[in-house]
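Note that the coordinates shown come from a computational prediction; the quantities given were computed from them, not determined experimentally.
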Amino acid sequence: MVKYIESHTEFPQRVVCCEGDIIETSLGGYDVVKTIGKGGFGSVYLISSHDTHSEYAIKLLNLWECLPTEYSQLTKRFKLEYNVGKLENRNLIKSHKFGFVEGNPFIIMEYCANGHLSDNLILYNSHNDYVTFCQELLSVLSTLHDNQIIHRDIKPEN
């Protein structure tokens with residue numbers, strides 16, 4: 001078990017969470033339950049709050065794998081992602097906290113237990129299901145565009 005504490009350092013340290021690790025933030029402590037996914041720049045973990053036992057997802061940007069010249073631009077884009085989660089639209093995943101763990105930016109966000117669209121295509125059985133989905137997707141894109149944000153990576157996993 002490793003305990004990671006919210007902190008911002010000039011040079012990010014290596015952070016690889018495992019089941020049973022603890023993440024301490026200004027909002028409280030969280031247990032790492034499992035890894036949900038990994039991408040080119042970070043990892044997403046399922047976490048459980050010590051206080052409420054509610055489940056959240058934490059997305060951790062792995063700055064320690066990047067060049068120091070990339071830190072500022074990647075952190076800025078990550079902060080924009082956090083801000084998107086603060087917009088009002090019932091179909092957007094809600095952001096709860098932005099911070100740094102060992103110098104690596106993180107976002108604590110709503111946990112979507114059912115996974116992403118490509119995991120759930122079987123649930124769409126009719127033309128009306130597809131129409132409803134498209135209306136919800138367009139609603140989200142409209143909210144983003146109304147806030148001068150362009151989503152540049154639309155795909156079922158996102």
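The shortest heavy-atom contact between Gly42 and Asn62 is CA-ND2, 3.6 Å. What you find for Asp51 and Gly28 is that their closest heavy atoms are OD2-CA, 4.4 Å. Considering every non-hydrogen atom in both Cys66 and Tyr71, the closest pair reads O-CE2, 3.7 Å. Across Glu6 and Lys97, no two heavy atoms sit closer than the pair OE2-NZ, 3.0 Å. Scanning all heavy atoms of the two residues, the minimum distance from Val32 to Ile23 falls at CG2-CD1, 3.9 Å. Nearest heavy atom pair, residue Thr52 against residue Tyr56, reads OG1-OH, 4.5 Å.
Phe100 and His8 have parallel rings, their planes meeting at less than 30° on a 0 to 90° scale where 60° marks the start of perpendicular. Aromatic ring orientation, Tyr82 versus Phe98: tilted (interplanar angle from 30° to 60°).
For the pair Phe133/Leu123, no side-chain contact is recorded, criterion being any heavy-atom separation below 4.5 Å from C-beta on. Counting heavy atoms from C-beta on, the side chains of Val84 and Ser95 never come closer than 4.5 Å.
Ion pairing of Glu102 with Arg14 is absent here, as no side-chain N (NZ or NE/NH1/NH2) approaches a carboxylate O to less than 4.0 Å.
More than 12 heavy atoms of other shown residues, nucleotides or ligands fall within 6.0 angstrom of atom NZ in Lys86. Annotation for Leu87: atom CG counts as buried by contact number, over 12 foreign heavy atoms lying within 6.0 Å.
The distance from atom NZ of Lys59 to atom CD1 of Ile36, rounded to the nearest 0.5 Å, is 11.0 Å. Atom CG of Leu144 sits about 6.0 Å away from atom CG of Leu92, to the nearest 0.5 Å. In this structure, Ile149 CD1 and Leu141 CG are separated by 11.5 Å, a value rounded to the nearest 0.5 Å. The OH atom of Tyr30 sits 9.0 Å away from atom OG of Ser54, with the distance rounded to the nearest 0.5 Å. Distance check, rounded to the nearest 0.5 Å: OG1 of Thr143 to CZ of Arg90 gives 11.0 Å. Expressed to the nearest 0.5 Å, how far CG of Asn89 lies from NZ of Lys94 amounts to 6.0 Å.
Remark: side-chain polar atoms of Ser142 are not paired, donor with acceptor, to backbone N or O of Leu138 under 3.5 angstrom. Side-chain N or O atoms of Asn104 include one that pairs as donor or acceptor with a backbone N or O of Trp64 at under 3.5 Å. Asp21 places a side-chain N or O within donor-acceptor distance of the main-chain N or O of Val2, the cut-off being under 3.5 Å. Of the possible donor and acceptor atoms, one in the side chain of Tyr45 sits under 3.5 Å from a partner among the backbone N and O of Cys17.
When hydrophobic clusters are built by joining Ile, Leu, Val, Met, Phe, Trp and Tyr residues whose side-chain heavy atoms come closer than 4.5 Å, directly or via intermediates, Ile93 is not grouped with Ile47. Residue Leu61 is not grouped with residue Leu46 when hydrophobic side chains (ILVMFWY) are merged at heavy-atom distances under 4.5 angstrom, including chains of intermediate members. Cluster annotation: Ile22 and Val33 are assigned to distinct hydrophobic clusters (Ile/Leu/Val/Met/Phe/Trp/Tyr, side-chain heavy-atom contacts under 4.5 Å, transitive). Val16 is not connected to Val44 by any chain of hydrophobic side-chain contacts under 4.5 Å among Ile, Leu, Val, Met, Phe, Trp and Tyr, and they are in different clusters. Linking Ile, Leu, Val, Met, Phe, Trp and Tyr whenever their side-chain heavy atoms come within less than 4.5 Å puts Tyr4 and Ile108 in one cluster.
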